[in-house]
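Since we're looking at a predicted model, the values are computed, not measured.
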Amino acid sequence: MANVLIFGAVILSAALLNAGNGLIQTLLPIRLTVEGFSASASGVMLAGHAVGFLVGCLGAPGAIQRVGHIRVFAAAAAILAITSLAFSIAVDTLFWTLLRLATGFASAAMFTALESWLNAGTTRDIRGSVMGVYMVAGKVALIAGQLMLTLPFEPMAIFMLGSAVYSLCLIPMAMTQTPSPDVSRIRPISLKEIYAIAPAGLAGCLAAGLVNSAVAGLAPVYATQINLPRELAAVSVSALQFGTLLLQWPLGRVSDRFDRRRVIVTIGAVSAAASIALLFGPALPVWLLFVLFAAWGGFALSIYAVSIAHANDLAHRDQLVSLSSGLLMVWAFGSMMGPVIGAGVMEVFGPSGLFGYAGAMYVLLTAFIVWRMTARRGVPADRQIFVDVPTTTPMAARLAHAEAPDTPAERAHPPK
């Protein structure tokens, strides 16, 4: 855990970013509804954010190479703080959609900077733990941001609060003593190259987007359609987040000790089994539904962090920024498509169709990674990734002799 705390400032900045996102992303559709706009208006605004996020994933690596991680993070945080205040100027769908384009772009740049920083600064033996803490802190902060809406503030004051939270996330990042990664050797890589480096990591991120976004967004509909009372439906959906808070870090820690692909296979298999059990949701007792929701959330919602840790195990240090951006873009694309597919399946097959879709996708993911494990040896648990840090940093002693393989062949078959 001491090694994880080295990145405390970076993780705290990420948590504050997620708190701001939780507040603003929840506030906007509520405000539109109160003002009499249709649900489609919220959908258009959501699409604007998604498009901006994809564009941000494409542009972030070049920006980071030009000015560095901290400057990109600071500039993007300023954009979020400004747009949070700009939402209060007028309630207009087109205006808010344009603002959400900007917030999507800025969010992608910030997450690229954060995740590439964490992955570049960690070795294989702690990467899963660090990413697990990063994800848990982000999810707790996201929930905290949503709960800020219960504060007795006027709408204008809530937008100001969001702007303040985005501004606060600059402070830990600006004051951190953790060395930022070297940006002089950033090299762009295509999705084809990412697949060549880590097909299991790419597939895991895509599955996380396609499936987890659909279940997280449509689970309240599922719970309502199987005739759970509103209060129990809310509790059952909360069990998803409770499960991931419980298991995210332990699964990351386990992945530090074993071939991460085995952990992804286990996550996929358990997620598929829980999905199949939830097909029978209407016939199950409520307590068992809660257990299954928690199990599903604990495993399925943890797959993204393990997948990106696995991909970064296999990448060279000059690929990490572009790798983080590419994996975020794949996840974002899946998150755009997943709810649409999930809703369509529910229209045809009823509420259980949601988990039929989830189960089928995780069965496919598990089968794919098992196949990949027969084609490539895993990264040994004691093999570490070289990290370029000054010898005066706390991590220098333990990283001084770590070295990353330079070629796909060396990564696939490291010397004994």
Heavy atoms of S13 and P172 approach each other most closely as OG-CB, 3.3 Å
Residue set satisfying side-chain hydrogen bond (donor to acceptor under 3.5 Å, both in side chains) with S275, at least two apart, ordered chain then number -> W296
Those residues at least two apart in sequence (or on a different chain) that pass side chain to side chain contact (heavy atoms under 4.5 Å, CB included) with I82 are none
- Message: Can you confirm whether F95 is buried at CZ, in the sense that more than 12 heavy atoms of other residues, nucleotides or ligands lie under 6.0 Å from that atom?
- Response: yes
*asked:* Could you check whether any side-chain N or O of S190 sits under 3.5 Å from a backbone N or O of E193, counting only pairs where one atom can act as donor and the other as acceptor?
replied: yes
Q: Using distance alone, with no hydrogens and no angle criterion, decide if T97 and R100 have a side-chain donor and acceptor under 3.5 Å apart.
A: no
Is the number of heavy atoms from other residues, nucleotides or ligands within 6.0 Å of CZ (F290) greater than 12? yes
To the nearest 0.5 Å, atom CE of M135 lies from atom OG of S302 at 8.0 Å
With sequence neighbours left out, the residues meeting ring pair (Phe, Tyr, Trp, His ring centres under 6.0 Å) with F368 are W371
Exercise for review: Please tell me if the side chains of V345 and L354 come closer than 4.5 Å, counting only heavy atoms from C-beta onward.
Suggested key: no
Check whether any side-chain N or O of Y166 sits under 3.5 Å from a backbone N or O of G20 as a donor-acceptor pair, and report yes or no.
yes
- State, yes or no, whether a side-chain contact exists between I303 and S271 at a heavy-atom distance under 4.5 Å. no
Heavy-atom side-chain proximity of T103 to I79 below 4.5 angstrom
no
Here the side chain to side chain donor-acceptor pair (under 3.5 Å) pairs for residues 359-370, sequence neighbours left out, are N212-Y362
Side chains of M110 and L80, heavy atoms from C-beta outward: is any pair under 4.5 Å? yes
- Any donor and acceptor pair, going by atom type alone, linking the side chain of W96 with main-chain N or O of F87 inside 3.5 Å? yes
query = Is there side-chain contact between M173 and W117, with heavy atoms separated by less than 4.5 Å?
reply = yes
Rounding to 0.5 Å, atoms CD1 (I369) and CD1 (I264) come to a distance of 4.5 Å
query = Is it true that a side-chain atom of R260 and a backbone atom of S255 form a donor plus acceptor pair closer than 3.5 Å?
reply = yes
Residue pairs meeting side chain to side chain donor-acceptor pair (under 3.5 Å), one or both in residues 351-361, sequence neighbours left out, come to none
Contacts satisfying side chain to side chain donor-acceptor pair (under 3.5 Å) that involve residues 277-291 (not counting sequence neighbours) are none
Between the main-chain N or O of Y222 and the side-chain N or O of Q225, is there a donor-acceptor pair closer than 3.5 Å? no
In this structure, CG of L328 is separated from CG of L58 (nearest 0.5 Å) by 11.5 Å
Scanning both residues in full, the closest heavy-atom pair of L142 with N18 reads CD1-O, 3.4 Å
